[in-house]
2 protein chains.
Amino acid sequence: MKKDFIFDVIKNSPNSLTAEEIYNDVSQNIDVNLSTVYRTLNNLVDKNLVTKVVRQDKIAYYELANEENPKHYLICDKCSGAFSTEMCNLDKIARKIKRETGFNITSHTLEFHGICPECIKNAK
Amino acid sequence: MKKDFIFDVIKNSPNSLTAEEIYNDVSQNIDVNLSTVYRTLNNLVDKNLVTKVVRQDKIAYYELANEENPKHYLICDKCSGAFSTEMCNLDKIARKIKRETGFNITSHTLEFHGICPECIKNAK
DNA sequence: AAAAATACGCAAATCATTTGCGAGTACACT
DNA sequence: AGTGTACTCGCAAATGATTTGCGTATTTTT
């Protein structure tokens, strides 16, 4: 099944990917349609095997569902590069919110915007 | 100018609004086109008077640009209600990231997903 | 008031993603 | 093997929020 090829790409990627990036990658090995990629990704998300995060650019990024995986990004507004960070312990905050508001938090997304060191350097 | 009507709606709203919500609101008072609303909103964002945040539903939400304004939301996956929270001091984390990575953070967005107390109650 | 600039409406375009449909393929049970 | 049922896919068209081209109106500047 083509699902396996698609899932493999995600499993082997160190960072999150767009549907199109996955499509391009898988296409190098097998013949596949973009809508199949989207359909498969939705299946994987439904089965909690893959995490989908919509970023400020309105494009969905997919990555392996894994508690260890950071879903926190530093996004450079100059070069559009995305860097992930694990430097934020939001679980503490999530627990506090649950305790004080009764809202049962199951997931979260965090995006920092700014200029990356590389672009800061190049600006000079 | 219609810009003033649009800006007023944002100024007077306690929470962030979609372009369509703003359009509906403004339409009650004056005759306006949806594309004018979008165009005006982009202007306001460019002038840093309004903040635009794209949420996981891929819809842009607009609110008054204001350091005091929380850009952190609790979003209920059942009723789709959005509640804002100020319970997270991310500035501390932002400073830490800047210090340790050199990434110059200018803004951030945070979205918690889960089930709100109301929906938890109704589920029983 | 004429010229230059900006605001606006309308319809068409955009772009990531979804969906309807029809054909191909796999698995199960007899 | 044969038939039935359920997926899996490709393809083309649909979707929906947002943008854009263009012509007209309205405001601002001179």
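By convention in this document, chain letters (A, B, ...) are assigned in the order of the sequence lines, proteins followed by strands, and residues within each chain are numbered from 1. What you see is a predicted model; the values in this text were computed from it and never measured. Computation of the quantities below employed the complete heavy-atom set of this structure, encompassing side-chain atoms and omitting hydrogens, waters and symmetry-equivalent molecules.
Under the 30°/60° scheme for interplanar angles, the aromatic rings of A:H108 and A:H72 are found to lie parallel.
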task = Encode nucleotides 6-24 of chain C as B, S and - characters from 5' to 3', where the letter depends on protein heavy atoms closer than 4.0 Å: B to the base, S only to sugar-phosphate, - to neither.
result = -SSBB-----SBBBB----
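Atoms OH (B:Y23) and P (D:dG16) sit 17 Å apart, rounded to a whole Å. Atom CG in B:L17 sits about 16 Å away from atom P in D:dA17, given to the nearest Å.
Just one of B:V50, B:I30, B:V37 meets the side chain to side chain contact (heavy atoms under 4.5 Å, CB included) condition when paired with B:I6; it is B:V37.
Checking B:K3 against B:N43 by side-chain atom types alone, no donor-acceptor pair falls below 3.5 Å.
Atom CD1 of residue B:I22 and atom CG of residue B:L34 lie 10.5 Å apart, to the nearest 0.5 angstrom. Here OH of B:Y73 is found 9.5 Å from OH of B:Y61. Values are rounded to the nearest 0.5 Å.
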